[in-house]
Amino acid sequence: MAEWEALTAKLQELAPYLFGILGSDLPSWKAVKTLWKAHRALGTDGVYDLVKLALASTRAFTDEHFTSPKVKALMASWGMHLDFAPDISGGALFSFLETMGGQLFGMVIGKGGASTMIDGLVGVITEKGGEVRCGARVDEILVSGGKAIGVRLSNGDIIRASRAVISNVNPKLMPDLLPDEQSARPTVARARAFRPGLSTMMIHLALDSLPAWTASEAREYNYVHIGPFVDDMALAYTDAAAGRLPSSPTLVVGQPTVSDPSRAPEGKHVLWVQVRVLPLEIADGRSWDEAGEGYADHVMGILEQYAPGLAQQVIGRAVLTPSDLERYNANLVLGDSLGGSHHPAQFFFLRPVPGWGRHRTPVDRLFICGAGTWPGGGVGGASGAMVASIVG
Ligand SMILES: Cc1cc2nc3c(=O)[nH]c(=O)nc-3n(C[C@H](O)[C@H](O)[C@H](O)COP(=O)(O)OP(=O)(O)OC[C@H]3O[C@@H](n4cnc5c(N)ncnc54)[C@H](O)[C@@H]3O)c2cc1C
């Protein structure tokens with residue numbers, strides 16, 4: 001407990017510098033200034049500790065601070081939201097921010113559903129005279145004289161850009177949207193090597209009552225993680241990376257109706273299960289369309305151990321396999337929900353690939369934001385704000 005409180009205090013001490021870096025384009029003078037301030041406040045050793053936190057694996061970090069396997073698992077399961085298995089360098093930072101930060105600052109869920117946030121953003125755009133077009137696929141980014149000048153939609157419409165084209169398409173897919181003479185340039189083509197993280201399956205359930213979690217206090221929370229332990233997470237990741245279906249995947253379970261009953265008819269509940277992590281391609285040659293429902297049954301069997309009777313509470317079930325996710329959104333390459341792996345070689349100033357940093361691309365006036373760019377995945381909107389401040 002004392003160590004937990006010490007780490008909570010540590011986050012409060014580090015917050016101005018950590019969030020300062022996360023909110024700065026990389027590399028940038030703003031980031032250098034933040035590091036300089038950190039140096040003045042924390043000293044050289046303090047800055048080295050910050051760097052160590054940014055590079056440590058979750059296992060190394062939790063072994064250093066805790067003895068309880070449950071507390072270690074609690075932190076490590078947050079790393080599994082991204083593609084940080086317990087032994088992957090860089091996982092400690094996200095686990096630290098989510099556990100300590102979640103407790104200190106709380107978490108936000110949109111009342112009525114996540115669409116409230118999207119409606120809000122669309123409102124801001126239309127208020128400023130902008131227009132949002134849905135179902136309008138961009139087939140090509142138009143380039144003239146080395147400058148991005150607009151986009152061509154799949155229906156043939158051309159939209160001209162007076163100042164810049166800003167894309168939030170997964171960087172890996174960007175070369176295919178550019179004219180051949182651009183995509184053939186080595187600096188452009190290297191974005192094809194941007195690596196996806198491992199994939200995700202979503203299971204959505206309509207329930208006639210909340211799960212009867214054996215850990216009864218879990219009924220009060222929006223998020224329940226089933227690791228269950230650090231070694232299980234490490235094995236799940238290794239299995240998935242080798243193309244095998246993990247026997248004990250990490251389950252991130254959301255039960256938003258605990259705090260927002262408006263998401264279901266009165267007295268009923270919804271539950272989503274994010275299955276982490278799964279193979280991008282299954283080694284035995286089956287497609288996700290073939291393997292999906294059977295594997296979802298396996299996951300339901302695991303849940304049943306923690307919430308006995310769940311199967312009888314289910315009114316409806318929808319499974320989204322990694323292939324379904326990619327069909328819904330081309331950015332989710334092979335079902336990677338992260339918009340690209342977050343391992344250190346693709347993070348910080350290296351995101352997405354060298355030469356594409358600071359939200360610029362090798363094509364003049366073509367900017368890029370979104371999960372594939374710094375500071376990575378999630379619905380924070382920071383990369384878009386960074387591009388907005390560049391383009392003005
Ligand atoms: C199942 C799942 C659960 C998640 N849970 C969480 C969570 O709990 N918390 C959290 O913070 N984050 C979560 N994330 C991650 C988060 O949703 C993403 O990181 C974030 O939405 C990425 O935003 P983005 O703008 O980069 O791209 P996206 O939100 O993926 O939007 C990209 C858009 O571009 C469109 N597009 C792609 N290609 C083209 C084209 N050629 N022409 C036109 N349009 C195109 C796509 O259709 C899509 O609408 C989750 C992701 C998934 C998949």
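All ligand and atom numbering here is 1-based and tracks the order in the structure. Note that the numbering runs from 1 along the sequence shown for the chain. Note that the coordinates shown come from a computational prediction; the quantities given were computed from them, not determined experimentally.
Where the criterion is an N or O separation shorter than 3.5 Å, residue side chain and backbone included, V379 meets it with respect to ligand 1. In terms of polar-atom proximity, C369 is not counted as a contact of ligand 1, lacking any N or O under 3.5 Å from an N or O of the ligand. Of the polar atoms of L338, none of the N or O atoms is found under 3.5 Å from an N or O of ligand 1, judged by distance alone. Ligand 1 has a nitrogen or oxygen under 3.5 angstrom from a nitrogen or oxygen of N168.
Checking atom 48 (C) of ligand 1 against the protein gives a heavy-atom contact under 4.0 Å. Of the protein's heavy atoms, at least one falls inside 4.0 Å of atom 11 (O) of ligand 1. The protein does not reach atom 6 (C) of ligand 1 closely, with no heavy atom under 4.0 angstrom from it. In this structure, atom 30 (O) of ligand 1 has a protein heavy-atom contact shorter than 4.0 Å.
In summary, the side chains of E220 and W213 do not present any donor paired with an acceptor at a separation below 3.5 Å, with no hydrogens or angles considered.
V151 is not listed as a side-chain neighbour of E140, based on a closest heavy-atom distance of 4.5 Å or more. Side chains of V319 and M202 form no contact here, defined as non-hydrogen atoms less than 4.5 Å apart. Residues L278 and P246 have side chains in contact (heavy-atom distance under 4.5 Å, counting atoms from C-beta outward). Contact of the L53 side chain with the L14 side chain is registered, since non-hydrogen atoms from C-beta on lie closer than 4.5 Å.
Within ligand 1, the atoms closer than 4.0 Å to a non-hydrogen atom of L332 are 53 (C), numbered from 1 in the order shown. Using a 4.0 Å cut-off to heavy atoms of A136, the atoms of ligand 1 that qualify are 43 (C). For ligand 1 and V169, the ligand atoms under 4.0 Å from any heavy atom of the residue are 38 (N), 39 (C). Less than 4.0 angstrom separates some heavy atom of M202 from each of these atoms of ligand 1: 1 (C). Atoms of ligand 1 lying under 4.0 Å from any heavy atom of G370, numbered from 1 in the order shown and given with element: 26 (O). The A371 neighbourhood of ligand 1 comprises atoms 19 (O), 22 (C), 26 (O), with distances under 4.0 Å to a heavy atom of that residue. Set against the non-hydrogen atoms of Y223, the atoms of ligand 1 under 4.0 Å away are 8 (O). Which parts of ligand 1 touch S337 is read off a 4.0 Å heavy-atom cut-off, strictly below it: atoms 15 (C), 51 (C), 52 (C), 53 (C).
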Kindly determine whether K72 and D63 satisfy salt bridge (Lys or Arg N to Asp or Glu O under 4.0 Å), including the steps that lead there. CA-CA 7 Å; K72 292 179 186 184; D63 279 352; 2.8 Å; yes

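For F61 and H65, the ring centers sit closer than 6.0 Å to each other. Aromatic pair F367/W356: ring centres not closer than 6.0 Å. Between W374 and F348, the distance from one ring center to the other falls under 6.0 angstrom.
Connection of L173 to L366 is established within a shared hydrophobic cluster, with ILVMFWY side chains joined at heavy-atom distances below 4.5 Å, either directly or through further cluster members.
For atom 42 (N) of ligand 1, the closest non-hydrogen atom of the protein is V138 N, 2.8 Å. Of all protein heavy atoms, the one closest to atom 37 (C) of ligand 1 is N331 OD1, 3.4 Å. The nearest heavy-atom contact from the protein to atom 3 (C) of ligand 1 is Q274 NE2, 3.6 Å.
Closest heavy-atom approach to atom 16 (C) of ligand 1 among the candidates G335, G378, G377, G381: G378. Between atom 28 (P) of ligand 1 and the options N329, V252, V151, the minimum heavy-atom separation is to N329.
The existence of a salt bridge linking R244 and D284 is excluded, since no basic side-chain nitrogen approaches an acidic carboxylate oxygen closer than 4.0 Å. Taking a cutoff of 4.0 Å between a charged side-chain nitrogen and a carboxylate oxygen, K52 and D45 do not qualify as a salt bridge.
Not one N or O on the side chain of N168 forms a donor-acceptor pair closer than 3.5 Å with the backbone of C369.
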